[in-house]
Amino acid sequence: AGQDKQSAAALLLDTLKLSEENDGMRRDEIISQLRRTMYIEPFSVVSKLDIQNERLNNAAVSPDGTQAICAANGNTVALIDLGTGRIVNTVSAGNSEISSIAFSPDGTRFLAVYGDYRYATVWNTLDGSEVFTYSTRHGRDSMLANVLFWKDADTLLIQDYDQLFLVSIPGGEETLFYTIGDQQEGYNYESNLYTAGMGKPMGEIITDSSDDFAHTYLLVSPDRSRVVVTGKDGTTGTIVLDDKGERVALLDRLPGTVAEYYDISPDGKYVSCQSYLGFMGVWETETGRMRYLHSLSRSFTGNITPPVFSPDSSKLAYISESTLIIENLPGGKEAGRLELAPTEFPPRISWSEDGSFLFFFNPNLYFVDAEDARVILMRESGMDDPFNNAVPAGGSMVFVTRGGGEAVCYSLPGGSSMAFRDDFDGELCHYDPLSGSSAWETAPEGEHTVPGTYQTVLGMQDGPSYTVYSPDGQYAALVYPDGPIEVFRREDPSSVFLLNAQFATEATACGITGDILCAADSKGRVLFQNITDGTMTILDTGAAHLTFNFDLRQGLLMASQEDGKRIDVFSVKGAELLFTMSSSSPFLRMGFSEDGEYAVAFTEDACMAAHLYTDEALLLEEAEKLAPRR
């Protein structure tokens, strides 16, 4: 599977169908390979996309998580298949810079706003053909402040200057939805919370005589039942509309200045706002009443982002003065905070689809546990290739782009085959290769006849450091301080059956299972050698392994690395790394569950259990979820 687990899963599932159509030909082999493919560790690269030497400055993922669009080199939209990592097609905005992009609710179309916000074009996802283009009705000095798909792929909601229109596709018929500035009765911008908080009239706090609506904030709930509109100049307030464009509520005591940053909850019940004046608040959309308000002990800074709701609307996350804060709704009780390195502009926060994780770039890429604001993983950003997008990519993946044209899908913990637990109830079992075997009446002692060439070149005058045994008692191996490993058969304990001289220093771990010799050295290499025919594979893992444990039923090897914070799990027969178990604190014990379902490793206060997909029905079900649309 390598770097492209999605396309590998899809290919193997298709191959399995062909096998079933041909009397199950090579079915066991296909299932075995599919099982290896499905070992997905948290934050591993699921697919790597083939965009090279492109400047990527925007990204969006289709509703079903199978495709993405990127604004590449400023004036091109690239449509990408996330499963195969291939560019399906590209469309161009000519010489104009693309400002924003979006998919339709069903993913059949996508749009781009460009030309300094004066044009918006809709294309077909299938073939990249142009469907419709809308141009601003108010001349070169006006801007399309907002363009988005409405309830389906056939209607756009467009803000052209101070009016909101529903525009049909492809005919372009317009229906007036709302005019900003209308229906503002009851809002007095000079008597509001901020005036009271600062002790000054609003006119002295914010100077804004412009009648330009180009920066109006427009928010729409996912079900399109609620629309939130706020005007730029502070006199319009922030209004909640229904799906007919009728006013539902006017938010309590909130000036609608350009420096306010909003979000609407997925269930449409709440609106959040972070103000450059130093406040963060949450309001009910149905009544417009404020649920709570926080003073953030700062004022007059533009380095803020919207407070973003979790997918189930139960949490809110925002960054203030380089501090990530997570709160529980509806009361606003703090759930956790994380201090970040200061940056010129704070990052836009995104949530994983299940709400378990947050991710953002700062400029490093952070993955944060939503329960306690704990950093799970950080990917460092280089000076020449900073991260510039991180968005949910369906299921438990995140689509990430960075400078230099790199675009990848990372797997989040919810989509991996392993997870942390408080405890593991099952019994563990493993084969310890250092245990003696009762099948051997006397252990080999190294007093055997070795060709003189080996004696001279390898310098094996010293005795062996330790002995390991195969679980069936058929083989024993002597491990020498200067690297060589000698393998003996029980029938002839005085003659070397196989000599391996690949290591220059003593093997840090060694074991035999079936007819495979497994060994690791201090340079991070792991060796797999077939004892009967001598063929071997050496993998470079980058760190020494000190402990081996085996699952004899499935032919798996657990190998603990030197610092104890990482355990690699290998297929012995396949001589390949299947997955890695990592922890911020050392693993103290490891083994396989008695039922063969899990590889388990314990830290001081928790454990990680990695599912081994021994149940074929579950394996196929999970593979179907991972595989892209075919």
Side-chain angles (χ1 to χ4, degrees), residues 51 54 56-82 87-138 142-161 163-175 177-178 214-224 227 229 243 264 348 389 391-394 399 401 407:
I51 303 179
E54 300 276 3
L56 306 177
N57 56 4
N58 212 333
V61 173
S62 63
D64 63 3
T66 63
Q67 294 179 305
I69 47 178
C70 288
N73 287 337
N75 66 344
T76 302
V77 180
L79 177 67
I80 304 159
D81 186 303
L82 293 181
I87 297 177
V88 178
N89 52 55
T90 60
V91 298
S92 175
N95 296 323
S96 298
E97 188 86 2
I98 292 173
S99 306
S100 63
I101 54 179
F103 274 102
S104 64
D106 61 3
T108 60
R109 291 171 175 171
F110 62 93
L111 65 80
V113 180
Y114 58 97
D116 293 331
Y117 292 92
R118 288 197 295 273
Y119 307 96
T121 297
V122 176
W123 287 276
N124 269 322
T125 302
L126 183 62
D127 58 8
S129 59
E130 182 177 328
V131 178
F132 173 75
T133 293
Y134 181 94
S135 302
T136 177
R137 304 293 190 262
H138 293 277
S142 183
M143 298 167 66
L144 299 177
N146 295 283
V147 180
L148 52 87
F149 284 100
W150 187 230
K151 295 183 178 181
D152 52 42
D154 297 323
T155 309
L156 297 177
L157 178 61
I158 294 179
Q159 182 194 345
D160 192 355
Y161 191 59
Q163 293 181 311
L164 295 174
F165 295 98
L166 292 179
V167 180
S168 64
I169 301 174
E173 294 85 0
E174 298 177 359
T175 302
F177 186 78
Y178 185 75
H215 297 289
T216 302
Y217 228 101
L218 181 69
L219 298 167
V220 180
S221 62
D223 63 0
R224 294 336 193 223
V227 178
V229 183
D243 62 354
I264 188 169
R348 170 84 187 202
N389 282 283
V391 293
F399 177 59
T401 63

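Since the model is a prediction, treat every value here as computed from it, not as a measurement.
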Asks: Within the side chain of N75, is there an N or O that forms a donor-acceptor pair under 3.5 Å with the backbone of G94?
Replies: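 Yes, the answer is positive, given that a donor and an acceptor are paired below the 3.5 Å cut-off.
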Asks: In the structure I gave you, are the side-chain heavy atoms of S62 and T125 within less than 4.5 Å of one another anywhere?
Replies: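 Side-chain contact under 4.5 Å: no.
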Asks: Which atom names give the shortest non-hydrogen contact between A102 and F149, and what distance separates them?
Replies: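 Residues A102 and F149, closest heavy atoms: O-CE1, 3.8 Å.
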Asks: Out of curiosity, R109 CZ to N124 CG, how far, rounded to the nearest 0.5 Å?
Replies: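 If we round to the nearest 0.5 Å, R109:CZ and N124:CG are 6.0 Å apart.
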Asks: Do the non-hydrogen side-chain atoms of F132 and D154 ever get within less than 4.5 Å of each other?
Replies: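 The answer is no; the side chains never approach within 4.5 Å.
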Asks: If you round to the nearest 0.5 Å, how far is CG of L156 from CG of L148?
Replies: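 Reported value, rounded in 0.5 Å steps: 8.0 Å.
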Asks: Are W150 and V227 close enough that some pair of their side-chain heavy atoms sits under 4.5 Å apart?
Replies: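 Touching, per the 4.5 Å side-chain cut-off.
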Asks: Say you draw a straight line from CZ of F399 to CD1 of I80; how long is it, rounded to the nearest 0.5 Å?
Replies: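 One gets 4.5 Å once the value is rounded to the nearest 0.5 Å.
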Asks: Of all the heavy-atom pairs spanning I101 and A60, show the shortest one and how long it is.
Replies: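 Nearest heavy atoms, I101 then A60: CD1-N, 4.2 Å.
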Asks: Can any side-chain N or O of S104 pair as donor or acceptor with the backbone N or O of A153 at less than 3.5 Å?
Replies: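 Answer holds: no.
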Asks: Within this structure, what is the OG1-CG distance for the pair T175 and L157, rounded to the nearest 0.5 Å?
Replies: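 That separation rounds to 11.0 Å.
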Asks: Please list, chain by chain and in numerical order, all residues satisfying side chain to side chain donor-acceptor pair (under 3.5 Å) with T121, sequence neighbours excluded.
Replies: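 With neighbours one apart ignored, the set is Y114, T133.
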Asks: Give me the atom names and distance for the closest heavy-atom approach of A120 to L144.
Replies: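 Reported closest heavy-atom pair: N-CD1, 4.1 Å.
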Asks: Quickly, which of V147, D160, I169 forms a side chain to side chain contact (heavy atoms under 4.5 Å, CB included) with Y134? Name it, please.
Replies: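 Exactly one pass, corresponding to D160.
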Asks: Under the salt bridge (Lys or Arg N to Asp or Glu O under 4.0 Å) rule, collect the residues that match up with E130, sequence neighbours excluded.
Replies: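 By the salt bridge (Lys or Arg N to Asp or Glu O under 4.0 Å) rule, E130 matches no residue at all.
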Asks: Does atom CG of N95 have more than 12 heavy-atom neighbours, drawn from other residues, nucleotides or ligands, at distances under 6.0 Å?
Replies: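 No, the 6.0 Å shell around CG holds no more than 12 heavy atoms from other groups.
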Asks: Heavy-atom distance under 4.5 Å between the side chains of V91 and F110, does that happen here?
Replies: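 Touching, per the 4.5 Å side-chain cut-off.
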Asks: Side chain of D64, backbone of T66: donor and acceptor closer than 3.5 Å?
Replies: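 Judged by distance alone, yes, a pair lies under 3.5 Å.
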Asks: Taking all non-hydrogen atoms of both residues into account, name the closest pair between R224 and D243 and its distance.
Replies: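 In terms of heavy atoms, the two residues are closest at O-CB, 3.2 Å.
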Asks: At their closest point, which heavy atom of A393 faces which heavy atom of V61, and how far apart are they?
Replies: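 In terms of heavy atoms, the two residues are closest at CA-CG1, 3.8 Å.
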Asks: Nearest 0.5 angstrom please: C70 SG to N389 CG, how far?
Replies: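 Separation between the atoms: 7.0 Å.
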Asks: Roughly how far, to the nearest 0.5 Å, is CG of N58 from CD1 of I98?
Replies: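 Result: 8.5 Å between the selected atoms.
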Asks: If I compare all heavy atoms of P170 with all of V131, which pair ends up nearest, and what's the gap?
Replies: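 Looking at all heavy atoms of both residues, the closest pair is CB-O, 3.8 Å.
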